[in-house]
Amino acid sequence: MMHQYEVTFAGFGGQGIMTAGQLLAYAGIEEDKQVAWIPSYGPEMRGGTAYCTVVISDIPIGSPIISNPQCACVFNRPSFDKFTPLVKAGGLAIVNSSLIDVTTDRTDIDEILVPANEIAMKAGNAKAANVAVLGAFIGATGIVSFDTIKRVIKEKMARKKSVLEINYHALDEGRKLALKTLGKKARG
Amino acid sequence: MAKVLMKGNEAIAEAALRAGAEGYFCYPITPQTEVAEYLSKRMPEVGGMFLQGESELAVANMLFGAASTGKRVFTTSSSPGISLMQEAISYMAGAELPVVIINIMRGGPGLGGILPAQSDYFQAVKGGGHGDYRTLVLAPSTVQEAVDLTMLCFYLAQKYRNPVMMIGDGMIGQMMEAVEFPESYEEPPLPPPDEWAATGAKGRKARIIKSLFLDPVSLENNVLILEKKYQQMIREEVRCESYKISAKNKVLIVAYGTTARICQTVIDELEADGVSVGLFRPISLYPFPEKEILKEATRKNIKSVLTIEMSMAQMMEDVERAIQGRRPVHFYGRTGGIVPTPEEVKEQVLKVLSVKRRSTKKKS
Amino acid sequence: MAVDSKTVFDRPVTLRDVVTHYCPGCTHGVIHRLVAETLDELGLRERTCGVAPVGCSVLCYNYFDTDFMEAPHGRAPALATGFKRMRPDMIVFTYQGDGDLASIGMGEIVHAANRGEKFTTIFINNAVYGMTGGQMAPTTLPGQITTTCPAGRDVNHTGEPIRIAELLAALATPGYIERVAVHTPAHILKAKKAIRKAFTLQRDNKCYTLVEVLSTCPTNWGNTPGEAIEWLDENMIKYFPLGCYKDYVEPEGK
Ligand SMILES: Cc1ncc(C[n+]2csc(CCOP(=O)(O)OP(=O)(O)O)c2C)c(N)n1
Ligand code: SF4
Ligand SMILES: [Mg+2]
């Protein structure tokens with residue numbers, strides 16, 4: 001039973017952090033949920049870490065300040081260091097293993113390693129790394145359906161068929177990885 | 001119309017257009033520049049005027065000129081820019097001009113920072129310029145409410161022929177939420193601008209839009225005319241909302257804007273722990289919901305009041321004035337661009353609850 | 001084998017040994033260096049007070065090792081006036097962007113120059129509001145796209161770009177006003193000469209001095225550092241010709 005779910009996307013400018021969060025927020029609206037997309041703004045945005053938090057809820061959203069999200073999707077090392085310690089116990093970290101060569105030592109959260117840059121390159125465009133992580137996130141949590149997120153990607157981001165295919169591919173690779181990781185965990 | 005995901009600043013811009021704004025004058029400043037950027041595209045599309053002025057000082061006076069034509073005009077800025085506008089706001093209040101001014105507040109004083117704050121409360125509600133005047137001030141706590149109140153601002157500005165302000169912290173401007181714009185915007189009837197605007201003295205007496213009254217008797221008269229409007233605002237324009245106020249509350253929180261939302265989360269969490277707290281949220285900051293707060297705060301079950309702000313006990317002065325010493329009023333705030341977390345607010349509520357318990361023991 | 005070594009290039013003492021916040025390819029840093037070298041060479045560091053603007057260079061007091069004031073947006077010339085009038089023995093300079101000086105602060109700069117205030121202004125013209133993310137500046141070129149003129153600057157709507165050096169040179173009060181650029185080594189050398197001349201005139205208590213420097217903003221022009229240099233060379237210099245617009249002339253009989 002979902003009540004409210006909070007996820008932070010973090011990385012450096014240019015990694016599509018803000019876009020990943022916005023795609024998820026759009027998908028939430030499509031599914032008639034309450035959503036809030038909260039950006040970091042300010043001097044941090046120039047070169048430093050950029051992050052946004054998306055809240056998806058069944059009821060009106062209260063605080064837009066989320067100290068401990070259920071999930072952190074981290075795209076680079078500084079974001080890993082900053083945000084994985086903040087994840088709520090029982091939560092989830094999705095780690096871009098293309099750029100982060102460490103794993104969390106927390107035992108109270110799940111961790112999914114997604115070589116997002118490699119997936120994106122293989123899919124045909126380095127820019128799709130954010131979508132690969134998004135795929136892993138949705139695969140792991142089921143917060144929104146894949147049909148919805150695909151529709152949103154088509155409408156908001158990739159109208160061109162070739163670009164769309166690349167993003168769908170990255171999304172699916174992320175999803176498969178998440179299912180595999182969590183499935184293994186459950187069995188082992 | 002379906003719900004769309006929009007950044008607060010862009011939603012405000014779009015709402016102003018829907019409310020019939022015909023002119024927008026601006027000067028860039030973080031964290032509200034997206035309003036200007038949005039309107040630099042959209043205003044020309046709808047045949048309106050978009051102009052970036054050379055300073056906020058100029059912009060506010062452009063607004064003076066633009067409003068004198070009887071057209072719907074507005075500006076947006078953030079704290080340091082709003083300070084520069086104060087002279088013109090005083091003149092426009094004196095000359096009875098309907099203008100809308102939106103302040104997406106950042107931390108001060110001085111250049112301060114660019115992150116969310118509510119530190120311009122005094123400036124907005126007490127009149128940041130000189131003279132006996134007031135601006136009507138509204139404060140949204142969600143992006144949807146920012147849309148609704150922006151549209152309301154235009155109506156109220158016309159209704160009272162007075163500057164109307166909306167103040168939101170940087171969070172309201174920067175966050176994205178789902179918003180719905182009304183299908184069609186129909187407002188209640190208003191006095192037509194051609195009764196007062198400078199439209200050319202054809203077949204009527206020339207009109208002077210001014211605030212100078214050298215004769216003290218006529219100046220006092222003008223101030224009394226303004227004062228009448230403010231009294232009417234106090235009767236008709238108080239807006240507020242309550243959240244989980246009940247006979248079980250021991251503490252009443254008073255907060256507005258983003259801070260109020262944080263308090264809602266705290267209240268939900270405390271409720272789950274069996275602690276009952278209510279929230280009173282002023283939506284109009286001038287006129288301040290004094291009677292309403294007094295009524296809620298003096299319920300038998302309420303032992304004390306806690307004001308939460310992103311400023312240093314500014315609104316608290318109005319809360320204290322409303323409550324007239326009949327309940328202790330506590331304060332907790334963060335400032336400088338720091339938004340309080342639900343965790344720290346919760347701690348403050350618990351502290352107030354235990355302080356009160358101890359003091360009742362002492363009495364008995 | 002022992003080699004006689006001689007330092008031929010070093011960091012000026014007036015410039016702190018810190019990493020700046022400027023974007024890659026931004027020439028604010030080059031201009032900082034020229035000012036710092038000048039203060040070193042003239043031995044003025046210890047009696048200088050700078051005035052920082054509001055703009056990307058608001059933090060320049062972290063880079064210059066001199067006293068500093070931080071002015072409200074556009075008001076640096078007023079602060080400089082107040083300061084210099086009370087301490088004529090000190091060296092005062094304002095460092096201002098085009099939004100700061102030519103837009104919101106136009107009143108202050110014109111009157112300071114016209115009163116012949118004896119301070120120096122380093123005016124950074126990068127044709128855009130850098131710090132707030134690339135809005136139109138008074139110096140934005142016709143047709144140039146910015147976030148508040150998304151269809152390109154329309155001179156019928158917002159007028160022609162303001163040429164500050166020419167405008168201030170038209171004032172009758174004596175002064176020294178020159179426009180320079182820093183996008184090539186040759187231009188940098190000329191810019192240095194102008195800046196040095198301005199501070200020398202101030203030191204000798206002669207007149208108001210302003211050096212307008214054409215500067216790059218790759219971040220908001222949306223190009224690479226290399227392209228930004230080309231863009232400046234091809235577009236800005238045409239509109240803002242380099243050269244001395246007003247030279248100081250000793251009054252007769254002196
Ligand atoms: C009164 C006031 N209005 C607006 C701002 C926002 N603001 C900060 S920097 C800036 C423009 C700076 O542009 P420019 O002077 O050209 O300097 P650059 O960043 O390009 O070097 C503005 C408008 C402010 N801080 N204060
Ligand atoms: S935004 Fe432009 S002016 Fe500012 S530091 Fe970057 S390149 Fe330089
Ligand atoms: Mg500039």
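Chain identifiers are assigned alphabetically (A, B, ...) following the order of the sequence lines, protein sequences preceding nucleic acid strands; residue numbering begins at 1 within each chain. Since we're looking at a predicted model, the values are computed, not measured.
More than 12 heavy-atom neighbours from other residues, nucleotides or ligands sit within 6.0 angstrom of NZ on B/Lys244. The environment of A/Lys88 atom NZ is dense: over 12 non-hydrogen atoms of other residues, nucleotides or ligands sit within 6.0 angstrom.
Contacts of A/Ile66 with chain B are absent, with no heavy-atom separation under 4.5 Å from either backbone or side chain.
Heavy-atom pairs under 4.5 Å with chain A were tallied for B/Pro116, B/Gly113, B/Gly8; the largest tally goes to B/Pro116. Of the residues considered (B/Cys263, B/Ala260, B/Ala178), B/Ala178 shows the highest number of contacts with chain A, using heavy-atom pairs under 4.5 Å.
The backbone N or O of A/Ser63 lies less than 3.5 Å from no partner atom in the side chain of B/Arg261, so there is not a single donor-acceptor pair.
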Applying side chain to side chain contact (heavy atoms under 4.5 Å, CB included), run through B/Glu177 and A/Val35 and close with a yes or a no.
CA-CA 6 Å; B/Glu177 288 190 299; A/Val35 301; 5.8 Å; no

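For residues 137-151 of chain B, an interface with chain A (any heavy-atom pair closer than 4.5 Å) does not exist. Of all residues in residues 272-285 of chain B, none places a non-hydrogen atom less than 4.5 angstrom from a non-hydrogen atom of chain A. Chain A is approached within less than 4.5 Å, heavy atom to heavy atom, by B/Val339, B/Pro340, B/Thr341, B/Pro342, B/Glu343 from residues 338-349 of chain B, ordered by number.
Taken to the nearest 0.5 Å, the CE atom of B/Met175 stands 7.0 Å off from the CD1 atom of A/Ile61. With rounding to the nearest 0.5 angstrom, the CG atom of B/Leu5 is 10.5 Å from the CD atom of A/Glu30. The CG atom of A/Asp32 sits 7.5 Å away from atom NZ of B/Lys3, with the distance rounded to the nearest 0.5 Å. Here the CE-CD1 distance, from B/Met6 to A/Ile29, works out to 11.0 Å after rounding to the nearest 0.5 Å. To the nearest 0.5 Å, atom CD of residue A/Gln4 and atom OG1 of residue B/Thr265 are 6.5 Å apart.
A/Ile38 is not listed as a side-chain neighbour of B/Gln174, based on a closest heavy-atom distance of 4.5 Å or more.
Among residues at least two apart or in separate chains, side chain to side chain donor-acceptor pair (under 3.5 Å) pairs with a member in residues 91-103 of chain A are A/Asn96-A/Ser98, A/Asn96-A/Asn117, A/Ser98-A/Glu118.
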